[in-house]
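Some notes on the structure that comes next.
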Amino acid sequence: MKIAFWSNVERDVGVTTNTACLAAMHAIHGGKSLMVENHYGLHNIGSIIMPQERVDHLREEGHYHYKYGIEHILKELYAGSNDKDLLYQAAIPIVYENLLYLPQSYIVNREVFNYEFDLVREKLFQYLEEISDDLFIDTETNRNHSSVHILSETDLVVVNLIQDEKALGDFFENYSSICDKALFIISKYQKENPWNMRKISYQYQIPPSRLGVIPYNMELEDAMKQGRLLQFLNRNMEGTLTKENQYFMRHLQKTVAMLERHTQP
């Protein structure tokens, strides 16, 4: 199943964070997943799940990113390659063998990457789905052509909302066509905000079964800056938690359960 994570708001929404959190928790529950982005970004999935020392190690060992990053895959597919082993060589195992990530290497500029990605999008996703059960796609807001195609073609869209009246109104006025196949996450959720979960659900008629929250958590933010998001999640799966982390994990688990209910065959 193709699952696109997307927001109508361009910055500081947490789409990448939410993609990684839900994919990781899904993998811990036994789902075989793969994460990929359709865009370049300094704060990408790799930067929040892999400590810098691991990235440096991969680059030292045969120039991993340069030889086997997603850019290499795009060029090979465009040239007509049907070698699926390229994907196995490129994908980095993150959570045992249950979660894979297709890394970026930044060897082309943004425009070239966007163009090549859109050209081979269908073939790329076909192959990626063959090596995973669920494909988690971190999708850029409105900057490239492939995002439009992904939102129309994907099985499920996870819409990342923020607690802002204008942003909420913009989505439901201009993007309501994707609501039928959408789940909604209130990102960086703060329960004290007047636009809380109950109000958003009522105002925009979102069934509670299709609405989850990912609370704002300062310790998570710090962990991401160090490339240790997975360590944060693992540390808070068991043991004595702070009140804030307990609150975060409880709602994350609920949101993952919502996602998994809608990805079951």
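In what follows, every heavy atom counts, from backbone to side chain, and hydrogens, waters and symmetry copies are set aside. Remember, it's a predicted structure, so these values are computed and weren't measured experimentally.
Between the side chains of Asn38 and Ser146, a donor-acceptor pair is found at a separation under 3.5 Å.
The aromatic rings of Trp6 and Phe171 are tilted relative to each other, their planes meeting at an angle between 30° and 60°. Classified by interplanar angle (parallel below 30°, tilted 30° to 60°, perpendicular above 60°), the ring pair Phe136/His26 is tilted.
Under the 4.5 Å side-chain heavy-atom criterion for grouping Ile, Leu, Val, Met, Phe, Trp and Tyr, Val256 is connected to Leu156 within one hydrophobic cluster. Tracing side-chain contacts under 4.5 Å through hydrophobic residues (I, L, V, M, F, W, Y), one never reaches Phe184 starting from Val15; they form parts of separate clusters. Cluster annotation: Met224 is not connected to Tyr189 through the hydrophobic network of ILVMFWY side chains, with a link wherever side-chain heavy atoms come within less than 4.5 Å. Linking Ile, Leu, Val, Met, Phe, Trp and Tyr residues whenever their side-chain heavy atoms come within less than 4.5 Å places Leu259 and Leu230 in a single cluster. A continuous path of Ile, Leu, Val, Met, Phe, Trp and Tyr side chains, each step under 4.5 Å between heavy atoms, connects Phe248 with Leu229, placing both in one hydrophobic cluster.
A side chain to side chain contact (heavy atoms under 4.5 Å, CB included) with Leu102 holds for exactly one of Ile45, Ile70, Leu135; it is Ile70.
To the nearest 0.5 Å, atoms CD (Glu129) and OG (Ser132) are separated by 7.0 Å. Once rounded to the nearest 0.5 Å, the distance linking OH of Tyr127 with CD1 of Ile73 reads 11.5 Å. Separation of atoms NZ (Lys199) and OH (Tyr204) is listed at 8.5 Å; rounding is to 0.5 Å. Note that CG of Leu183 and CE of Met258 are 4.5 Å apart. Values are rounded to the nearest 0.5 Å. Taken to the nearest 0.5 Å, the CZ atom of Phe125 stands 11.5 Å off from the NE2 atom of His149. Taking NE2 from His251 and CE from Met197, the interatomic distance works out to 7.5 Å, rounded to the nearest 0.5 Å.
The closest side-chain heavy-atom distance from Met35 to Leu99 is below 4.5 Å. Considering only heavy atoms from C-beta on, Met50 comes within 4.5 Å of Ile92 through its side chain. Contact annotation: the side chain of Cys21 never approaches that of Ile214 to less than 4.5 Å [non-hydrogen atoms, C-beta and beyond]. Inter-residue side-chain proximity for Leu86 and His72 is flagged as met; some heavy-atom pair is nearer than 4.5 Å. Side-chain contact between His262 and Lys181 is absent, with no heavy atoms from C-beta onward closer than 4.5 Å. Inter-residue side-chain proximity for Lys188 and Asp12 is flagged as met; some heavy-atom pair is nearer than 4.5 Å. Counting heavy atoms from C-beta outward, His43 and Thr17 have side chains that stay 4.5 Å or more apart. Contact annotation: the side chain of Met249 approaches that of Met237 to within less than 4.5 Å [non-hydrogen atoms, C-beta and beyond].
The shortest heavy-atom contact between Gly14 and Ser187 is CA-OG, 3.9 Å.
Contacts of Asp180 classified as side-chain hydrogen bond (donor to acceptor under 3.5 Å, both in side chains), with partners at least two apart in sequence or in another chain: none. The side-chain hydrogen bond (donor to acceptor under 3.5 Å, both in side chains) check on Asp170 picks up Asn8, Asn174, with sequence neighbours excluded.
A side-chain donor-acceptor contact under 3.5 Å links Lys123 to the backbone of Ser81. The main-chain N or O of Pro51 is never found under 3.5 Å from a side-chain atom of Arg228 such that the two would form a donor-acceptor pair. A donor-acceptor contact shorter than 3.5 Å is absent between the side chain of Tyr88 and the backbone of Ile131.
Applying the side-chain hydrogen bond (donor to acceptor under 3.5 Å, both in side chains) definition to pairs two or more places apart or across chains, those involving residues 153-165 are Asn18-Asn160, Arg121-Glu153.
Salt bridge annotation for Glu116-Lys75: present, with a cationic side-chain nitrogen under 4.0 angstrom from a carboxylate oxygen.
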**Report entry** Stepwise side chain to side chain contact (heavy atoms under 4.5 Å, CB included) check, Phe232 with Ile48
**Finding:** CA-CA 11 Å; Phe232 169 85; Ile48 65 175; over 6 Å; no
Requested in this report: I would like to know whether Glu244 and Glu219 meet side chain to side chain contact (heavy atoms under 4.5 Å, CB included); could you show each step before the answer?
Outcome: CA-CA 9 Å; Glu244 292 78 10; Glu219 189 176 333; over 6 Å; no
Requested in this report: Could you walk me through whether Ile28 and Leu233 pass the side chain to side chain contact (heavy atoms under 4.5 Å, CB included) test, one step at a time?
Outcome: CA-CA 10 Å; Ile28 290 171; Leu233 295 177; 5.6 Å; no
Report task. Determine, step by step, whether Phe117 and Ile150 satisfy the side chain to side chain contact (heavy atoms under 4.5 Å, CB included) criterion, reporting the C-alpha distance in whole Å, the side-chain angles of both residues, the deciding distance to 0.1 Å, and the verdict. Result -> CA-CA 11 Å; Phe117 191 101; Ile150 290 170; 4.2 Å; yes
